[in-house]
Student: 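What follows is a structure written as structure tokens; I'll ask about it next.
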Amino acid sequence: MAHMVRIEVQDQFGSWKKYTTVTNSPSSIKLALERALKTQLASKSKKARAVDDKSGALMDMAHG
């Protein structure tokens with residue numbers, strides 16, 4: 001099974017909510033972060049992050 005990355009969006013109260021899970025490839029992560037920033041959930045905070053699903057390490061972050 002491919003290594004997975006969890007995409008999370010920060011809500012208006014500062015909590016991180018799972019948006020989706022994608023494979024660990026730069027193009028997949030970039031596209032998922034862009035999509036996550038367009039969701040209603042990210043409408044207030046405009047922050048999304050990519051987190052390694054196994055270790056919990058922060059891999060990337062995007063601001064809208």
Student: Please say yes or no: joined through hydrophobic side-chain contacts below 4.5 Å, possibly via intermediate residues, are Met59 and Val22 part of one cluster?
Tutor: yes
Student: Sort and list the pairs that fulfil side chain to side chain donor-acceptor pair (under 3.5 Å) and have at least one residue in residues 48-57, not counting sequence neighbours.
Tutor: His3-Asp52, Arg6-Asp53, Glu8-Arg49, Asp52-Ser55
Student: Taking side chain to side chain donor-acceptor pair (under 3.5 Å) as the definition, give me every residue that meets it alongside Thr20, ordered by chain and number, with sequence neighbours left out.
Tutor: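 Testing Thr20 for side chain to side chain donor-acceptor pair (under 3.5 Å), a comparison that skips the adjacent residues, returns none.
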Student: Indicate the atoms forming the closest heavy-atom contact of Tyr19 with Ala36, along with that distance.
Tutor: CD2-CB, 3.7 Å
Student: Over all heavy atoms of both residues, which pair between Leu33 and Ala62 is shortest? Give the atoms and the distance, please.
Tutor: CB-CB, 4.1 Å
Student: Please assess Thr23 against Met4 for the test side-chain contact (heavy atoms from CB on, under 4.5 Å), listing each intermediate value before the final yes or no.
Tutor: CA-CA 5 Å; Thr23 57; Met4 302 302 283; 4.1 Å; yes
Student: Quick check: closest heavy atoms across Lys17 and Asp11, and the distance to 0.1 Å?
Tutor: CE-OD2, 3.2 Å
Student: State whether the side chain of Thr21 and the backbone N or O of Val5 hold a donor-acceptor pair below 3.5 Å, judged by distance alone.
Tutor: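 Not a single qualifying donor-acceptor pair exists.
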Student: Pairs in or reaching into residues 23-34: which pass salt bridge (charged side-chain N to carboxylate O under 4.0 Å, His left out), with residues at least two apart or in two chains?
Tutor: Lys30-Glu34
Student: Rest of the hydrophobic cluster containing Trp16 (Ile/Leu/Val/Met/Phe/Trp/Tyr, side-chain heavy atoms under 4.5 Å)?
Tutor: Met61
Student: Would a 4.5 Å heavy-atom cut-off, applied to side chains only, mark Lys47 and His63 as touching?
Tutor: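 A side-chain contact under 4.5 Å exists here.
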